[in-house]
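One structure is given below, encoded as structure tokens.
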Amino acid sequence: MPELPEVETIKSDLEKVILKKKIIKVELLDKKLIKGIKPELLIKEIEKTTVDQIIRRGKYLIFVLSNNKSLVFHLKLTGQLIYGTPDKKSRIIFCFDNGKCLNFLDQRRFAELRLTNEWNKEKGIIDMGPEPFDKSFNLEKFRCMLGSKKTKIKPLLMDQNFLAGVGNIYAQEVLFRVGIHPERPVNKLRTQEVENLYSAIKGVLLEAIKYRGSSVDAYVDTQGKKGGMEQRLKVYGRAGQSCQNCGTLLKEMKLAGRGTTYCPKCQK
DNA sequence: CGGGGCTCCTGTGCGC
DNA sequence: TGCGCACAGGAGCCCC
């Protein structure tokens, strides 16, 4: 499940290898992943262009091409971008002028690839909330965003139109680290808790980037290697295990249709 | 506006 | 042992 830290890891790895490289050939082995454009047209538009810039926005990865169009990737649950030689499980292959290629794989076929003139006007991006590491996302702004909403904090943290890049793994981790129950209504958060939450969002994401993401489900980096963050996760995927703080058994619940693990004693 | 439920898809893991 | 079915989940969408 690639969230902000995983996509950021892919982005910085790819910058080292495909920036300014020319796409000489595109192989579309699974047209389902292409959205909003005829597959044949996509090939025609992007072959012979170079990748001028790579941008991450939330969980989206964007290649700005030399013809001013952009490839917009979303890996969803099981998408992978692996650089090197062609892979038999590839659904789309981008071949570069250095003889290497970028393989777009996806077990569950939820991932998407779009081609657009203005990536920032794309559905899913245009209304997206602030980037957690943008200067504009300060504590004051965060308080303002929370306002006096009555909604439960965990689904809100995962709402991409509220804040960009946080998904099911890191929303759970952040809440554990600040001792806040996933169902706590936002307007019941104390001033200090909001501040803790703000710091924890940045802290957890930064730690996950440092450890190159969490390899839960299918996530691997562009070399096919696993991340190092999964063993540092304190609640995600650990229902039934003992809380690392207090030893209480971690509980699992469904919240807005998503599995949610928390410590019933530490998180109030 | 908010929340619930459904949809897409396929490998996994469970129960019988 | 093997079959079949429920389940997981990001995000858009519909509905109330």
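Throughout, protein chains are lettered first and strands after them, A, B, ... in sequence-line order, and every chain is numbered starting at 1. Just so you know, these numbers come straight off a predicted model, no measurement behind them.
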*Any Lys152(A) side-chain nitrogen or oxygen under 4.0 Å from OP1 or OP2 of dG3(B)*: no
*Would you kindly give the CG-to-P distance between Leu156(A) and dG2(B), to the nearest whole Å?*
9 Å
*Consider the side chain of Thr151(A), meaning its heavy atoms from C-beta on, and name the nucleotide among dG2(B), dG10(C), dG3(B) that approaches it most closely.*
dG3(B)
*Which part of the nucleic acid, if any, lies within reach of Thr78(A) when heavy atoms closer than 4.0 Å are counted: base, sugar-phosphate only, or nothing?*
nothing
*Whole Å only: how far is the CG atom of Asp106(A) from the P atom of dT10(B)?*
9 Å
*For Thr116(A) and Lys69(A), test the side chains for any donor-to-acceptor distance below 3.5 angstrom and give the result as yes or no.*
no
*asked:* Can you tell me whether the side chain of Arg108(A) and the base of dG11(B) have a donor-acceptor pair closer than 3.5 Å?
replied: no
*Tell me yes or no: between the side chains of Asn168(A) and Lys154(A), is some donor less than 3.5 Å from an acceptor?*
yes
*Flag for Thr50(A)-Asp52(A): side-chain donor and acceptor within less than 3.5 Å*: yes
_Has Gln223(A) got a side-chain atom pairing as donor or acceptor with Tyr83(A)'s backbone, closer than 3.5 angstrom?_
no
*For Leu77(A) and dT12(B), what is the distance between atoms CG and P respectively, to the nearest whole Å?*
15 Å
*Look at the rings of Tyr198(A) and Phe137(A) and say which category their plane angle falls in: under 30° parallel, 30 to 60° tilted, over 60° perpendicular.*
tilted
*What's the CG-P distance between Leu75(A) and dC9(B), to the nearest Å?*
18 Å
*Could you state the CZ-P distance from Phe110(A) to dC6(B), rounded to the nearest angstrom?*
15 Å
*Minimum-distance nucleotide (side-chain atoms of Tyr236(A) versus dG9(C), dC9(B), dA11(C))*: dG9(C)
*Candidate nucleotides dG2(B), dA11(C), dC13(C), ranked by approach to the side chain of Lys123(A) - the nearest*: dC13(C)
*For Gly259(A), answer base if it contacts any base atom (sugar-phosphate contacts may also be present), sugar-phosphate if it contacts only those atoms, and nothing otherwise; contact means non-hydrogen atoms under 4.0 Å.*
sugar-phosphate
*Between dG10(C), dC9(B), dA8(C), which nucleotide gets closest to the side-chain atoms of Lys254(A)?*
dA8(C)
*Answer yes or no: does a side-chain N or O of His74(A) lie under 4.0 Å from OP1 or OP2 of dG10(C)?*
no
*What's the closest nucleotide to the Lys32(A) side chain, out of dG12(C), dG9(C), dC9(B)?*
dC9(B)
*Arg57(A) CZ to dG10(C) C1', straight-line distance once rounded to whole Å*: 16 Å
*For Ile34(A) and dC8(B), what is the distance between atoms CD1 and P respectively, to the nearest whole Å?*
20 Å
*asked:* Regarding Arg258(A), tell me which of base, sugar-phosphate or nothing describes its non-hydrogen contacts under 4.0 Å with the strands shown.
replied: base
*Rounding to a whole Å, what distance do you find between Asp159(A):CG and dG3(B):P?*
10 Å
*Looking at Gln107(A), does any N or O in its side chain come under 4.0 Å of the phosphate oxygens OP1/OP2 on dG11(B)?*
no
